[in-house]
Amino acid sequence: MALTEVKVPDIGDFKEVDVIEVLVKPGDAVREEQSLITVESDKATMEIPSPATGVVKELQVKTGDKVSQGSPILVLEAAGGGTVAKVPSPTPQRVAPPVPTPPRPAPAAPAAQQMPPISRPGPVLYEAAPAAGSAPHASPSVRKFARELGVDLARLKGSGPKGRITQTDVQEFVKGVMRGAPAGSAARGGFSLDLPDWPQVDFARFGPVETRPLSRIKKLSGGFLHRNWVGIPHVTQHDEADITELEAHRKEQAHVAEKQGFKLTLLAFLVKASVDALRQFPDFNASLDRAGENLIVKKYYHVGVAVDTPDGLVVPVIRDADRKSVFDLARELAEISKRAREKKLKPDDMRGGTFSISSLGGIGGTAFTPIINAPEVAILGVSRSQMRPVYKEGAFVPRLMLPLSLAYDHRVLDGAAAARFTTHLASVLSEFRRTLL
Ligand code: CAO
């Protein structure tokens, strides 16, 4: 077995170029033409291939070194006992900018071609970092790696020097996708759904129109709603609660609140009942960490309430809802929804929620899918209660039934947990005297 020192071949005018990747390590078996290192100048990135098949005995370069023609790269033990042929100085192969990943040129080009023939593998030269906004910047080996995994490099942000995409970036991206964001590079780079362009239609061609700018709140919340909708696998569990007695009680007590200047709303009871269910099923009072690997279960109960304002939807948060009575909650709900409509909420009033409720009951409807308020993992939608005949103990009786729609993050919670949660919630509401007062 012959030991041969593999050196940097003729790389044209390039001198003192940076080694940006070392692609092999001692003990690695390499094939002829397999890339050993990647070097980069201001103008180009090149891979230096192995001149023969063999085993790497010793590395003589590391990432960050500067090399020129003749610099030693590694010591190779050639397979088959043969000696390693001296690498002639091949003319570097300049190829088009590297998107899509260019095919590696064949080692032996027909003599008839205009390129000089290459009898031994030579460095493969790629255009260097493209200008911002054009093709992503990555070495040929990273491109090959990405191509093998089917990763579109345009979706990644490089963490290497000059924004270069590294092999680790590609690995992190794939991990993020496997975990199903919000994790890793996929989340950092934002979602990029490969969809057809939005239709551009001249609506006025079909009839009169009026164009109004979206409010600031709508523009702001629109982005978050869109992110949450596409980023969280939502499932909605529908159920209903018998609130006949609860509603009778609420009406009985309404005057007590009225005397103190607020309204005893159904929503206050719903907040209280939800906290009871959250205590029973703590995974609903939780968030996924950014890496998507841990569930952070919160020991506090801050409930967000969706409030419809003329400018759009806002979600102020009632803190420590578990420590407040139904009357306290009703008073606070009246106060925060008033402040919301008067645009007097501060950013802090809308932070720190652990679970949200969106009630459309005062307006109408039978069921809907509320969008989860990330990083929370569930939201309760409430629709309009209806007096309905319910079959009980052998007869139909009129009962006031409240529709519940619990949207949950299926990465964290499964259907059985959701069904248990709404069943529990429904029983808390129907047996409110035992649990809520
Ligand atoms: N079923 C039947 N009636 C209901 C009800 C329900 N589930 N919930 C409330 N009502 C009735 C109330 O009894 C009240 O009737 P009266 O005026 O006769 O007393 C009326 O509807 C108004 O209710 P309310 O004053 O108690 O207010 P609320 O608790 O329904 O709502 C608030 C408060 C702030 C949540 C609400 O004003 C709001 O903004 N809702 C919209 C929420 C929203 O837009 N969510 C987003 C959905 S997804 O984008």
Side-chain angles (χ1 to χ4, degrees), residues 214-215 217-218 220-229 232 234 236 238-258 261-274 303-318 321 326-327 329-345 349-350 353 355-374 376 378-388 398-408 422 425-426 429-430 432:
L214 286 182
S215 69
I217 290 182
K218 278 215 165 116
L220 206 65
S221 60
F224 294 128
L225 288 166
H226 190 186
R227 176 199 63 193
N228 297 349
W229 184 245
I232 301 174
H234 283 68
T236 309
H238 298 286
D239 210 332
E240 55 184 7
D242 183 338
I243 57 162
T244 318
E245 265 94 50
L246 174 60
E247 193 55 7
H249 170 79
R250 189 181 72 84
K251 287 193 171 142
E252 258 168 47
Q253 297 295 312
H255 69 280
V256 181
E258 250 163 59
F262 62 91
K263 198 167 164 186
L264 185 60
T265 63
L266 177 62
L267 199 53
F269 289 90
L270 287 168
V271 171
K272 195 81 190 153
S274 297
V303 178
V305 178
V307 178
D308 183 33
T309 77
D311 289 330
L313 192 66
V314 289
V315 188
V317 173
I318 299 193
V326 172
F327 277 80
L329 293 169
R331 188 184 294 107
E332 194 168 333
L333 276 167
E335 190 256 326
I336 55 167
S337 48
K338 180 165 177 281
R339 276 204 287 136
R341 289 184 177 122
E342 290 170 354
K343 299 187 195 177
K344 288 187 180 153
L345 288 178
D349 293 329
M350 290 176 275
F355 180 80
S356 295
I357 302 180
S358 177
S359 172
L360 293 175
I363 305 166
T366 53
F368 67 107
T369 296
I371 297 181
I372 296 166
N373 193 11
E376 295 164 24
I379 178 168
L380 177 69
V382 182
S383 297
R384 191 165 192 77
S385 59
Q386 275 190 348
M387 196 58 94
R388 287 204 291 105
R399 306 296 295 177
L400 188 63
M401 303 304 290
L402 178 72
L404 306 171
S405 304
L406 178 79
Y408 60 92
T422 56
L425 185 62
L429 290 167
S430 60
F432 72 99

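Residue indices begin at 1 and follow the sequence shown. Just follow the structure's listing: the first ligand is 1, and inside any ligand the first atom is 1. All figures in this text were calculated on a predicted structure; none of them were measured in a lab.
At a heavy-atom cutoff of 4.0 Å, ligand 1 is contacted by no atom of I371, backbone or side chain. By the criterion of a heavy-atom distance under 4.0 Å, neither the backbone nor the side chain of L333 is placed next to ligand 1.
No side-chain heavy atom of T309 sits under 4.5 Å from any side-chain heavy atom of K343.
Looking at ligand 1, you'll find an N or O of D308 within less than 3.5 Å of one of its N or O atoms. On a distance-only criterion, S383 and ligand 1 share at least one N/O pair closer than 3.5 Å.
Interface atoms of ligand 1 facing L266, defined by a heavy-atom separation under 4.0 Å, are 6 (C), 7 (N). In summary, the atoms of ligand 1 found under 4.0 Å from a heavy atom of T265, numbered by their order in the structure, are 26 (O), 29 (O). Those atoms of ligand 1 that come under 4.0 Å of a heavy atom in R250, given as number and element, are 13 (O). When each atom of ligand 1 is checked for a heavy atom of R341 under 4.0 Å away, the hits are 34 (C), 36 (C), 37 (O), 38 (C), 39 (O). Applying the 4.0 Å criterion to heavy atoms of R384 picks out, from ligand 1, the atoms 1 (N), 2 (C), 3 (N). Atoms of ligand 1 found under 4.0 Å from any heavy atom of L402 (numbered from 1 in listed order, with element): 7 (N).
Among all non-hydrogen protein atoms, the one lying nearest atom 16 (P) of ligand 1 is K263 NZ, 3.9 Å. In terms of protein heavy-atom proximity, atom 49 (O) of ligand 1 is closest to L313 CD2, 3.7 Å. Atom 3 (N) of ligand 1 has its closest protein heavy atom at G361 O, 3.5 Å. Looking only at heavy atoms of the protein, atom 29 (O) of ligand 1 is closest to L267 CB, 3.6 Å. Taking atom 42 (C) of ligand 1 as the reference point, the nearest protein heavy-atom neighbour is S359 O, 3.2 Å. For atom 1 (N) of ligand 1, the closest non-hydrogen atom on the protein side is S385 N, 2.8 Å.
Taken to the nearest 0.5 Å, the CD atom of E240 stands 10.5 Å off from the OG1 atom of T366.
Note that atom 27 (O) of ligand 1 has no protein non-hydrogen atoms nearby, at separations under 4.0 angstrom. In this structure, atom 39 (O) of ligand 1 is in close contact with the protein, since a protein heavy atom lies within 4.0 Å of it.
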Yes or no on side chain to side chain contact (heavy atoms under 4.5 Å, CB included) for L425 and L380, after CA distance, side-chain angles and deciding distance? CA-CA 10 Å; L425 185 62; L380 177 69; 3.7 Å; yes
As a quick check of understanding, evaluate salt bridge (charged side-chain N to carboxylate O under 4.0 Å, His left out) for R250 and E247, giving each step before the final call. CA-CA 5 Å; R250 189 181 72 84; E247 193 55 7; 2.7 Å; yes
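For atom 47 (C) of ligand 1, the nearest non-hydrogen atom from the set S358, G362, A340 comes from S358.
Listed here is the closest heavy atom pair of K272 and V326: CG-CG2, 4.0 Å. When all heavy atoms are compared, the tightest approach of R384 to P403 is O-CD, 3.2 Å. Nearest heavy atom pair, residue L400 against residue S385, reads CD1-OG, 3.8 Å. Between I379 and I371, the shortest heavy-atom distance links the atoms CD1-O, 3.6 Å. The minimum heavy-atom distance between L329 and A268, with the atom names listed, is CD1-O, 3.7 Å.
By the ring pair (Phe, Tyr, Trp, His ring centres under 6.0 Å) test, F432 is found to be paired with H249, residues two or more places apart in sequence or in another chain being considered.
Counting only distance, with no hydrogens or angles, the side chain of R399 and the backbone of T244 share no donor-acceptor pair below 3.5 Å.
In this pair, F262 and F327 present their aromatic rings perpendicular. The plane angle is above 60°, beyond the 30 to 60° band.
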